[in-house]
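Here the structure is laid out as structure tokens; the discussion comes afterwards.
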Amino acid sequence: MKRRIGLALGSGSARGWAHIGVIRALHEAGIVPDLVCGCSIGALVGAAYADGDIDALERWVTRLRWQDVVGLLDPGFTGGLIKGDKLIAFFERHFVDKDFSALPLPFACVATELATGREVWLKEGSVAAAVRASIALPGLFAPVNLAGRLLVDGGLVNPVPVSLCRALGAEIVIAVDLGSDIVGRSLKRNIAAKSGAGMGWTDALLKSLGLKRDEAVPSLAAVMATSINIMQVRIARSRLAGEPADALIAPRLAHLALMDFHRASDAIAEGAAAVKRMLPAIEIALSQ
């Protein structure tokens, strides 16, 4: 009898488009998950996959330019730099706008209750509202009030939700960790940008506004990204040590910055490549 396969899609902001490549490569290898769980960007991709919208999502993200990304961000002045209304409204119009119970594939996602620090598993009600809560990265996106609780990004407590997959009935869990090689790389990119090796996201945005930052210190984006990377990598390692997946896929995504949503093709390709590297181990896990 076939055992139920769960797919745990981890957090990682723009690096999360790699999940699309992972799903593609798994399907090509004949491995089709029976359920999917996600955290943060993994929740967004997981929801689209659970609703059968992965093709549409891939078409959209591979056409994104950084100007399009800026256009989806609505500045906020309370709770976060971005309100998130535009992004979720777009997600509802073009992808998932339904109840969890109406999804063809079982799905759940992780958020964090701001007042208590508790891990919250979202698996009922509006899928779009749950995804919005799961991606509410503190400082960047405003918290989400859901059922009377202020919720923020699930990456604060469970960046790779293996435990949630098992709770939903998965007997084998294939997990995707997007942060295996990223600590410190944001600051290295920042230094490279100063030396003329390339323009960072903050520099590009300021240039479009006719402004220039002080190059004596790392940019705000570099400091935030590096801090978030350190936090989530540490938490993910701790959780995965105590709640190991049966197979762990770790795409090499250090070359992508926190907000490089316009570089989806690179992320998707690396996601597929990571599956191919790990395929023997995945097949062993499935055969046991």
Side-chain angles (χ1 to χ4, degrees), residues 7-17 19-20 23 33 35-64 68-76 78-114 119-138 140-159 161 164-165 167-168 176 259 261 264:
L7 181 63
L9 303 179
S11 62
S13 197
R15 292 179 289 270
W17 298 147
H19 291 315
I20 298 172
I23 291 167
L35 60 95
V36 60
C37 296
C39 177
S40 196
I41 190 67
L44 189 150
V45 176
Y49 174 56
D51 198 36
D53 284 336
I54 200 71
D55 291 342
L57 181 64
E58 182 174 10
R59 285 194 297 270
W60 175 59
V61 302
T62 52
R63 294 171 184 169
L64 278 177
D68 299 321
V69 177
V70 172
L72 284 171
L73 306 181
D74 41 0
T78 56
L81 297 176
I82 299 165
K83 290 184 289 186
D85 294 342
K86 284 186 178 180
L87 177 61
I88 293 302
F90 183 91
F91 186 66
E92 289 176 331
R93 286 197 308 272
H94 297 276
F95 303 107
V96 184
D97 180 19
K98 59 179 61 173
D99 193 273
F100 276 87
S101 61
L103 294 174
L105 191 71
F107 167 72
C109 59
V110 180
T112 304
E113 186 174 16
L114 191 60
E119 179 176 343
V120 178
W121 291 352
L122 302 172
K123 49 187 178 178
E124 296 177 345
S126 166
V127 174
V131 168
R132 180 172 180 174
S134 189
I135 67 172
L137 193 63
L140 186 62
F141 285 95
V144 175
N145 192 325
L146 199 60
R149 296 184 294 186
L150 274 181
L151 302 180
V152 293
D153 196 304
L156 296 180
V157 290
N158 196 357
L164 181 52
C165 274
L168 261 61
V176 186
M259 295 294 288
F261 290 101

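Along the sequence shown, residues are numbered consecutively beginning with 1. Values reported hereafter were calculated over all heavy atoms of this structure, with side chains retained and with hydrogens, waters and symmetry mates removed.
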Do you know which two heavy atoms are closest between [X] and [Y], and how far apart they sit?
X	Y	answer
Val144	Ala136	CG2-CB, 4.5 Å
Leu146	Ala129	CD1-CB, 3.8 Å
Gly16	Val45	O-CG2, 3.8 Å
Pro159	Cys39	O-CB, 3.6 Å
Leu164	Val110	CD2-CG2, 3.7 Å
Leu114	Pro143	CD2-CG, 4.1 Å

So how far is it from [X] [atom1] to [Y] [atom2], rounded to the nearest 0.5 Å?
X	Y	atom1	atom2	result
Leu9	Tyr49	CG	OH	9.0 Å
Leu150	Glu113	CG	CD	8.5 Å
Ile54	Arg59	CD1	CZ	11.0 Å
Ser11	Asp153	OG	CG	6.0 Å

Exercise answer: donor-acceptor pairs, residues 102-109 side-chain atoms, under 3.5 Å, sequence neighbours excluded:
none

Hey, is the main chain of [Y] close enough, under 3.5 Å, to the side chain of [X] for a donor-acceptor pair?
X	Y	result
Ser134	Ala130	no
His19	Ala43	no
Ser40	Gly154	no

query: Could you walk me through whether Ile23 and Leu7 pass the side chain to side chain contact (heavy atoms under 4.5 Å, CB included) check?
result: CA-CA 9 Å; Ile23 291 167; Leu7 181 63; 3.9 Å; yes

Stepwise side chain to side chain contact (heavy atoms under 4.5 Å, CB included) check, Trp17 with Thr62: CA-CA 9 Å; Trp17 298 147; Thr62 52; over 6 Å; no

- request: Take Leu57 and Leu44 through the test side chain to side chain contact (heavy atoms under 4.5 Å, CB included) and record every step on the way to the result.
  value: CA-CA 10 Å; Leu57 181 64; Leu44 189 150; 4.2 Å; yes

message: Please evaluate residues Val131 and Leu122 with respect to the criterion side chain to side chain contact (heavy atoms under 4.5 Å, CB included), reporting the C-alpha separation (whole Å), side-chain torsions for both, the decisive distance (0.1 Å), and the verdict.
response: CA-CA 9 Å; Val131 168; Leu122 302 172; over 6 Å; no

Residue list, salt bridge (Lys or Arg N to Asp or Glu O under 4.0 Å) with Glu119, at least two apart or on another chain: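 Scan of Glu119 (salt bridge (Lys or Arg N to Asp or Glu O under 4.0 Å), adjacent residues dropped) gives Arg239.
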
field: Min side-chain heavy-atom separation Ile41-Phe261 under 4.5 Å
entry: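 Ile41 vs Phe261: side chains touch.
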
